[in-house]
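Worth saying up front: this structure is predicted, and the values here are computed from it rather than measured.
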Protein chains: 2
Amino acid sequence: MADVAERAGVSTSTVSRTLRGLSTVSPEVRARVEQAARELNFAVSRQAASLVTGRTGNVAVLVPTLDAWFMGAALSSLAPLLRSAGMELNVYVIPDMAERTSFFERLPARRNADALLVFSFDLTDAETARLDGLGMPVIYVSQHVEGRPSVYVDDVAGALHGTRHLLNLGHRRIAFLETVGASGFSFSSNERLVGYRQALTEAGVPLDDDLVAATAVGDKRGTAEVLGRLLSLREPPTAIFAEQDEVAVAVIRTLRRTQIAVPERISVLGFDDQPLADWFDLSTVAQSPSDIGREAGELALRLIEDSQAEHERHVILPTHVIPRATTAPAPRPQDEQEADR
Amino acid sequence: MADVAERAGVSTSTVSRTLRGLSTVSPEVRARVEQAARELNFAVSRQAASLVTGRTGNVAVLVPTLDAWFMGAALSSLAPLLRSAGMELNVYVIPDMAERTSFFERLPARRNADALLVFSFDLTDAETARLDGLGMPVIYVSQHVEGRPSVYVDDVAGALHGTRHLLNLGHRRIAFLETVGASGFSFSSNERLVGYRQALTEAGVPLDDDLVAATAVGDKRGTAEVLGRLLSLREPPTAIFAEQDEVAVAVIRTLRRTQIAVPERISVLGFDDQPLADWFDLSTVAQSPSDIGREAGELALRLIEDSQAEHERHVILPTHVIPRATTAPAPRPQDEQEADR
DNA sequence: ATGAAAGCGCTAACAC
DNA sequence: GTGTTAGCGCTTTCAT
């Protein structure tokens with residue numbers, strides 16, 4: 001910066017003021033400084049600047065993985081937003097418990113970012129408390145944390161509407177397939193289950209715990225077993241609501257391989273609306289990770305400006321049902337009743 | 001840091017030495033300092049440290065998007081590797097030309113990272129030259145840049161082996177479907193086309209430009225048109241080699257919707273082996289983005305240590321053919337010949 | 001509107 | 001093995 005100052009024939013203070021766009025610089029001097037900076041290919045050192053301003057210009061995000069549709073979409077909308085605010089994006093990937101423990105022990109983001117976005121973890125109270133002491137705004141994304149700024153989708157309403165969609169098609173025996181996630185990724189299972197139950201209760205359909213099962217993404221065998229169990233119930237489901245598209249697709253493949261027609265005999269509904277859903281013509285409940293990313297980013301920027309504002313703000317985003325080809329009217333109930341006589 | 005020093009009854013130098021793990025600290029003092037640091041919840045400011053060491057502790061990556069299988073997988077392997085080397089990961093997402101221009105104009109990574117990984121761009125010479133002047137090691141990933149460290153997959157060999165796989169199944173009319181990418185993402189089209197041609201030439205099968213076509217990911221209509229053109233050739237292909245799984249899947253769906261059996265009448269081969277390939281039982285040429293990410297990260301760390309070492313090193317990774325259910329022996333050629341008589 | 005000077009929190013010589 | 005000291009490159013009072 002001294003070089004630039006010398007070349008422009010001014011002091012470093014003036015260079016600093018110019019480069020930060022302060023208005024207290026005469027146009028003439030400004031032009032000279034800018035030219036000098038350009039000629040010398042000069043860029044301000046964030047490190048040195050942050051040392052005195054106390055702001056790093058970084059936003060940190062804590063994610064369980066980058067290898068998932070949700071994260072990719074969310075960060076793809078978050079990143080340009082931060083950039084246009086002059087902020088850098090710092091990513092911490094915490095794929096397993098070991099990394100997670102180490103992160104919360106060392107808190108490497110400390111003093112290294114102006115805000116932290118925590119994506120999709122089910123944090124313990126101790127972890128939340130630890131983040132409280134981080135000395136920067138922490139925004140919880142895809143999870144609700146009491147009394148802290150959070151951005152998430154209305155999972156209850158999503159599952160409610162999804163279930164209603166199936167009810168409207170005449171289904172009465174509707175199974176719900178939870179995802180048991182790895183690596184602390186929260187799939188909002190509980191919320192979605194609540195919505196499912198709520199819709200059934202609303203419609204006067206009795207709850208049946210036999211219709212609620214769990215499986216893991218990618219666990220083909222497990223999924224097949226779970227399906228086998230559901231289908232061998234005395235009153236098997238005519239529809240299956242999976243709380244994640246990946247699981248829904250696995251279900252469809254398994255059913256079709258077993259010569260069970262989807263949606264003629266069994267309807268399948270997913271949750272997410274990731275590209276996979278379109279590939280498989282899967283009916284699903286859509287959420288928008290890019291909206292989530294954007295809202296979270298905007299909230300972060302506002303909190304950086306004024307850490308008191310919106311201290312406990314919760315941003316709740318909508319979902320909507322997208323009917324495609326895997327949900328259809330339930331097989332006529334009289335058939336089943338006749339079979340029972 | 002002064003607080004820690006006072007609490008431990010030592011100088012700040014000793015605190016600094018202790019916290020950086022230098023061995024020139026007596027065990028007894030070390031213990032005292034560490035305890036004090038823990039009690040005060042102290043963490044070293046990277047900003048201040050980097051000001052004097054000249055190293056930022058950041059590795060920057062330039063990516064076209066995060067919303068793609070390849071990037072997610074590559075960064076998911078890169079990130080933990082950097083973390084365990086004590087480095088932070090700084091992500092620059094450049095989704096369009098405007099952002100790209102602005103990035104190369106302002107070079108925000110300048111002075112802000114110790115190395116830059118450039119993923120999957122087709123850079124102009126001017127851009128490469130600009131990066132040369134960045135003052136840090138630049139590693140090119142998923143692309144070969146003459147005389148600069150690069151990490152990429154052997155696309156020629158991949159396409160060669162993929163094409164051979166089809167030739168071995170008896171196919172002689174093999175179409176090649178290029179992807180015309182958006183946002184400067186390089187899909188290594190040219191290399192793969194070279195491999196395809198090489199395999200055909202090797203096998204004495206004449207090249208036919210009518211069999212080489214292009215389409216974009218997600219462009220259903222375009223893909224359908226291209227397929228229509230291929231199928232209405234006087235000698236239509238019995239196999240289609242798409243240079244990306246997504247396109248291969250789009251092809252399969254279009255064919256099946258048109259009642260053309262895959263693989264009975266037409267074989268389809270992809271390239272990538274992303275999860276989608278497994279969902280659709282797609283035969284494909286596999287590459288490993290996580291290996292790419294790891295190799296790139298290791299190379300970056302080595303170059304940070306010694307920027308002269310491996311200055312022009314190219315790391316070339318292998319591919320392998322994964323036959324699944326979408327490639328099968330070509331329809332018996334005598335049928336076609338008889339039809340011609 | 002501009003400059004001088006102090007200091008942000010740390011590390012690296014250099015002394016002891 | 002430990003302390004003292006001098007900056008690293010900026011921003012920010014405070015003068016002028």
- [ ] Decide whether B:Y92 and A:E88 meet the rule of one side-chain donor and one side-chain acceptor closer than 3.5 Å.
- [x] yes
Open item on the list: Checking contacts here: which listed nucleotide (C:dA1, D:dT2, D:dT11) is nearest the side-chain heavy atoms of A:V52?
Closed with: D:dT11
Task: d(CZ, B:R111; P, D:dC8) in whole Å - done: 12 Å
Task: Length of the line joining A:N112:CG and C:dG9:P, which is rounded to integer Å - done: 15 Å
Open item on the list: Base, sugar-phosphate or nothing for A:T14? Non-hydrogen atoms, less than 4.0 Å.
Closed with: sugar-phosphate
Open item on the list: What I want to check is whether an N or O donor and acceptor connect the side chain of A:S13 with the base of C:dA4 at under 3.5 Å.
Closed with: yes
- [ ] Flag the pair A:L66 / A:L75 as yes when at least one side-chain heavy-atom distance between them is below 4.5 Å, and no otherwise.
- [x] yes
Open item on the list: Can you tell me which nucleotide in C:dT2, D:dT12, C:dT11 comes closest to the side chain of B:A49?
Closed with: C:dT11
- [ ] Look at the side-chain N and O atoms of A:S45 and state whether any lies under 4.0 Å from the OP1 or OP2 oxygen of D:dC10.
- [x] no
Task: Length of the CZ-P vector between B:R110 and D:dG9, whole Å - done: 14 Å
Open item on the list: Does A:R17 contact C:dG3 through a side-chain donor or acceptor facing the base, at a distance under 3.5 Å?
Closed with: yes
Open item on the list: Within the structure provided, determine whether B:S26 and B:R30 are in side-chain contact (heavy-atom separation under 4.5 Å).
Closed with: no
Open item on the list: How long is the straight-line distance from CD of A:E295 back to OH of A:Y152, given to the nearest 0.5 Å?
Closed with: 13.0 Å
Open item on the list: How many whole angstroms separate atom CG of B:L22 from atom P of C:dT11?
Closed with: 9 Å
Task: Side-chain H-bond candidate by donor/acceptor type, A:R106 with A:S102, under 3.5 Å - done: no
Task: Nearest-nucleotide pick for B:M1, side chain only, options being C:dC10, D:dT11, D:dG3 - done: C:dC10
Task: Distance, rounded to the nearest Å, where B:L51 contributes CG and C:dC8 contributes C1' - done: 9 Å
TODO: Using atom CG of B:L40 as one end and atom P of C:dG9 as the other, report the distance to the nearest whole Å.
DONE: 14 Å
- [ ] Could you state the atom-to-atom distance from CG of B:L19 to P of C:dG9 in whole Å?
- [x] 16 Å
Task: Short side-chain N/O contact from A:T12 to OP1 or OP2 of C:dG3, under 4.0 Å - done: no
Task: Candidate nucleotides D:dG3, C:dT11, D:dT12, ranked by approach to the side chain of A:S16 - the nearest - done: D:dT12
Task: Residue-phosphate contact under 4.0 Å: B:T53 side-chain N/O, C:dT11 OP1/OP2 - done: no
- [ ] Would you kindly give the CD-to-C1' distance between B:Q47 and C:dC10, to the nearest whole Å?
- [x] 11 Å
Open item on the list: It should be established whether B:R20 places a side-chain nitrogen or oxygen under 4.0 Å from OP1 or OP2 of nucleotide C:dA12.
Closed with: yes
